[in-house]
Amino acid sequence: QVQLQRSGAELVKPGSSVKISCKASGYTFTSYDMHWIKQQPGNGLEWIGWIYPGNGNTKYNPKFNGKATLTADKSSSTAYLHLSSLTSEDSAVYFCARRGLPGYFDYWGQGVMVTVSS
Amino acid sequence: DIVMTQGALPNPVPSGESASITCQSSKSLLHSNGKTYLNWYLQRPGQSPQLLIYWMSTRASGVSDRFSGSGSGTDFTLKISSVEAEDVGVYYCQQFLEYPWTFGGGTKLELK
């Protein structure tokens with residue numbers, strides 16, 4: 001069965017960066033886009049972007065240009081979200097989600113909580 | 001960006017009653033292929049969102065037939081017939097017609 005396994009919660013300082021991971025199993029990792037979605041406490045969902053692990057192509061929400069970088073490691077079937085220059089506005093839960101065909105998120109990871117605090 | 005606006009529910013909803021959640025998009029989500037690029041998700045407390053409906057009206061695999069989606073190009077409704085305890089949570093609509101993909105602000109369903 002399809003599973004997206006998250007990395008652990010992160011407590012990081014303002015101005016630093018963090019890299020969170022999403023390990024996929026149960027399907028061909030290189031055949032599906034992996035998306036990342038942000039959810040601030042008590043707030044709704046915000047789409048960050050996607051990566052296609054098959055060729056490394058990416059697409060970002062312009063709001064996250066310069067903030068988020070998506071990468072993927074085919075050998076370990078793991079997708080990564082790197083967030084830089086962290087501020088309190090980056091404190092949120094970050095989900096990875098597989099895009100089924102044609103454009104819905106059919107499987108979601110459990111979500112990684114990132115807390116930015118000094 | 002396409003703005004998605006969701007309506008509120010008159011919470012709490014009595015168990016067994018029906019509930020309708022509305023979602024409006026700032027632009028028609030009707031694709032040239034005839035399909036409407038609108039999804040619905042439910043996020044139960046403490047959980048990740050799960051897909052309910054895609055292409056405005058197609059139920060995802062394993063989703064109860066108590067859930068149905070309808071609408072036009074810009075106005076959409078998710079109807080839940082006979083609300084049950086497992087339906088409690090926040091419902092989100094989402095468009096995938098244009099980048100950046102956007103979600104509605106969410107509609108909370110509470111049970112009476």
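Values reported hereafter were calculated over all heavy atoms of this structure, with side chains retained and with hydrogens, waters and symmetry mates removed. All chains are named by letter (A, B, ...) in the order of the sequence lines, taking the proteins before the strands, and each is independently numbered beginning at 1.
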same_hphob_cluster([X], [Y]) at 4.5 Å side-chain heavy-atom cutoff:
{"X": "A:Met34", "Y": "A:Val93", "result": "no"}
{"X": "B:Phe96", "Y": "A:Tyr107", "result": "no"}
{"X": "A:Leu4", "Y": "A:Met113", "result": "no"}
{"X": "B:Leu38", "Y": "B:Phe67", "result": "yes"}
{"X": "B:Phe76", "Y": "B:Leu78", "result": "yes"}

Is there a side-chain contact between [X] and [Y] (heavy atoms, below 4.5 Å)?
{"X": "B:Tyr41", "Y": "A:Phe105", "answer": "yes"}
{"X": "A:His35", "Y": "B:Trp101", "answer": "yes"}
{"X": "A:Gln110", "Y": "B:Gln47", "answer": "no"}

Please name the pair of heavy atoms, one in A:Gly103 and one in B:Asn39, separated by the smallest distance, quoted to 0.1 Å. O-ND2, 3.5 Å

List the atom of A:Glu46, the atom of B:Phe103, and the distance in Å for their closest heavy-atom pair. N-CD1, 4.3 Å

ring-ring contact (aromatic ring centres under 6.0 Å, His included) partner of A:Tyr104, chosen from B:Trp40, B:Trp55, B:Tyr54: B:Tyr54

Please report the interatomic distance CD(B:Gln43) to CG(A:Leu45), rounded to the nearest 0.5 Å. 6.0 Å

With rounding to the nearest 0.5 Å, note down the distance linking CD in A:Gln39 to OG in B:Ser48. 9.0 Å

Short side-chain to backbone donor-acceptor contact, B:Tyr99 and A:Pro62, under 3.5 Å: no

Select one option (side chain, backbone, both, neither) describing which atoms of A:Lys59 are under 4.5 Å from chain B's heavy atoms. side chain

Engaged part of A:Arg99 at the chain B interface, taking heavy atoms whose separation is under 4.5 Å: side chain

If we define contacts as heavy-atom pairs under 4.5 Å, which of B:Ala60, B:Ser61, B:Pro49, B:Pro100 has the most with chain A? B:Pro49

In terms of heavy-atom contacts, does NZ of A:Lys23 have more than 12 from other residues, nucleotides or ligands at under 6.0 Å? yes

Counting neighbours of CD on B:Glu110 that are heavy atoms of other residues, nucleotides or ligands and sit closer than 6.0 Å, is the number greater than 12? yes

Where at least one partner belongs to residues 52-97 of chain A, residue pairs that pass ring pair (Phe, Tyr, Trp, His ring centres under 6.0 Å), sequence neighbours excluded: A:Phe95-A:Trp108

Go through the atoms of B:Tyr37 and report whether side chain, backbone, both or neither lie under 4.5 Å from a heavy atom of chain A. neither

Would you mind listing every salt bridge (Lys or Arg N to Asp or Glu O under 4.0 Å) that reaches into residues 34-57 of chain B, with sequence neighbours excluded? none

